[in-house]
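What follows is a single structure, written as structure tokens, with notes after it.
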Number of protein chains: 2
Amino acid sequence: MILEKKKIFNDFAASKGLRSTRQRDIILDIFLSTRQHVSVEELYLKIKASNPGIGHATVYRTLKLFSEAGLAREILLHDGQTRYEHAVAGEHHDHLVCTGCNSIIEFEDETIEKLQKDIAARHGFLIKNHKLEIYGLCAACRQ
Amino acid sequence: MILEKKKIFNDFAASKGLRSTRQRDIILDIFLSTRQHVSVEELYLKIKASNPGIGHATVYRTLKLFSEAGLAREILLHDGQTRYEHAVAGEHHDHLVCTGCNSIIEFEDETIEKLQKDIAARHGFLIKNHKLEIYGLCAACRQ
DNA sequence: TATGCTTTTGACATTCATTTTCAGTTAGTT
DNA sequence: AACTAACTGAAAATGAATGTCAAAAGCATA
């Protein structure tokens, strides 16, 4: 699983003429070890703990690359920070975002995905990706 | 339609003890006259054209109020600017966002809305609002 | 209409995430 | 080992959004 993702990134890097660097390896390792939806800052701090040398800009730059490589996906919630979630080719999940405790529940729904394709087709639109976020209160916060 | 929206805002203002000001009237007028999805900056420039006195901060503050009043809804695309769309109570539409020309096509789909409710119910989640954005290329940009 | 109290405003400063710059370092090739 | 282009880190720059605060304006009351 992790090896497979590393391969995906290496293939992407090769196809783009990018070099393999210590920093990118480390950032990928740590990114893969996090749970979903890390903000860049969270990831940066985690990286700095074991690798104080790695700079802010490198983390930003590298996450963008992961995104292009299809390993990560940018998500914007409403807290002013860009977050990244793990992406798996051909798979997609959406989010129930609790505005009470900021927890995120993931779900998948094939019917919704299919309906989206229908709508896109009706408009002659070519889908690259999509995001569906449902905001509200989770079971715990409703009480 | 426009009068109705002004009434909604006036009622909201009254209920919150807010004052009626020239600036808020102007900003509401111009906001209502724009097409969907204005960024704060776009709106600010449009306002400044006819009302040079109105400041940046006031536009930000006022759009937040419209949002609370249910007249506007914040949307975050991927260009680093907060945009506001017109909101109508009880109505909702989603977006096809073209990454080629930045155009936005709106659509509504009741079945998707219903499926979302089912999913939320399954997780004991109380929906406040949601957003669905599909990114890709519009018919014109596919060529 | 004048008075007084409170909200609102606009200019400016500030914050904070993200991007750019650039000189020094490093990967990968010959 | 030498060369070249990509990469990195630190610091500066950018840009959206928010906070500050004195002056202005709304609105209730006399």
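Everything numeric here is computed off the predicted structure, so don't read it as measured data.
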What is the distance, rounded to the nearest whole Å, between atom [atom1] of [X] and atom [atom2] of [N]?
X       : N      : atom1 : atom2 : answer
B:Glu41 : D:dT14 : CD    : P     : 16 Å
B:Asp79 : D:dG15 : CG    : P     : 14 Å
B:His56 : C:dG10 : NE2   : C1'   : 12 Å
B:Arg19 : D:dA28 : CZ    : P     : 9 Å
A:Leu65 : D:dT8  : CG    : P     : 8 Å
A:His78 : C:dA17 : NE2   : C1'   : 16 Å
A:Leu63 : C:dT19 : CG    : C1'   : 14 Å
B:Tyr44 : C:dT9  : OH    : P     : 14 Å

Looking at B:Lys117, I'd like to know if its NZ atom is crowded, meaning that more than 12 non-hydrogen atoms belonging to other residues, nucleotides or ligands lie closer than 6.0 Å.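 Count not over threshold, so no.
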Before accepting this row, confirm whether a basic side-chain N of the pair B:Lys114/B:Asp118 lies closer than 4.0 Å to the acidic partner's carboxylate O.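 A salt bridge is present here (some side-chain N lies under 4.0 Å from a carboxylate O).
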Kindly say if [X] contacts the phosphate of [N], meaning a side-chain N or O under 4.0 Å from OP1 or OP2.
X       : N      : answer
B:Thr82 : D:dA16 : no
A:Arg24 : D:dT8  : yes
B:Gln81 : D:dA17 : no
B:Tyr60 : D:dT18 : no
B:Thr58 : C:dG10 : yes
B:Gln23 : C:dG10 : yes

Specify the residue among B:Thr21 and B:Gly80 whose closest nucleotide of DNA chain D lies further upstream toward the 5′ end.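 Looking at DNA chain D, the more 5' nearest nucleotide goes with B:Gly80.
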A:Ser20 or B:Ala57: which one's nearest nucleotide on DNA chain C is closer to the 5' end?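 Taking each residue's closest nucleotide, the earlier one in sequence belongs to B:Ala57.
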Test applied, side chain to side chain donor-acceptor pair (under 3.5 Å); reference residue, B:His92; option that passes from B:Lys131, B:Glu110, B:Glu113, B:His130: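 It is B:His130, the one option of B:Lys131, B:Glu110, B:Glu113, B:His130 that forms the side chain to side chain donor-acceptor pair (under 3.5 Å) with B:His92.
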Is it the case that A:Tyr44 and A:Glu42 place a side-chain donor and acceptor less than 3.5 Å from each other?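 Looking only at side-chain atoms, A:Glu42 and A:Tyr44 do not form any donor-acceptor pair under 3.5 Å.
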Residue of the set A:Ile26, A:Asp25, A:Thr21 for which side chain to side chain contact (heavy atoms under 4.5 Å, CB included) holds with A:Gln23: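 Considering A:Ile26, A:Asp25, A:Thr21, a side chain to side chain contact (heavy atoms under 4.5 Å, CB included) with A:Gln23 is found only for A:Thr21.
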Indicate, with a heavy-atom threshold strictly under 4.0 Å, whether B:Gly53 touches base, sugar-phosphate, or nothing.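 B:Gly53: backbone/sugar contact only, no base atoms under 4.0 Å.
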What contact category does B:Lys64 fall into here, base, sugar-phosphate, or nothing, at under 4.0 angstrom with non-hydrogen atoms?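 Sugar-phosphate, backbone atoms only, no base.
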Side-chain-base donor-acceptor pair under 3.5 Å for A:Arg22 and C:dT26: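 Answer no: no donor N or O sits under 3.5 Å from an acceptor.
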Check: C:dG10 base within 3.5 Å donor-acceptor of B:Arg61 side chain: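 Indeed, a donor on one side and an acceptor on the other fall under 3.5 Å apart.
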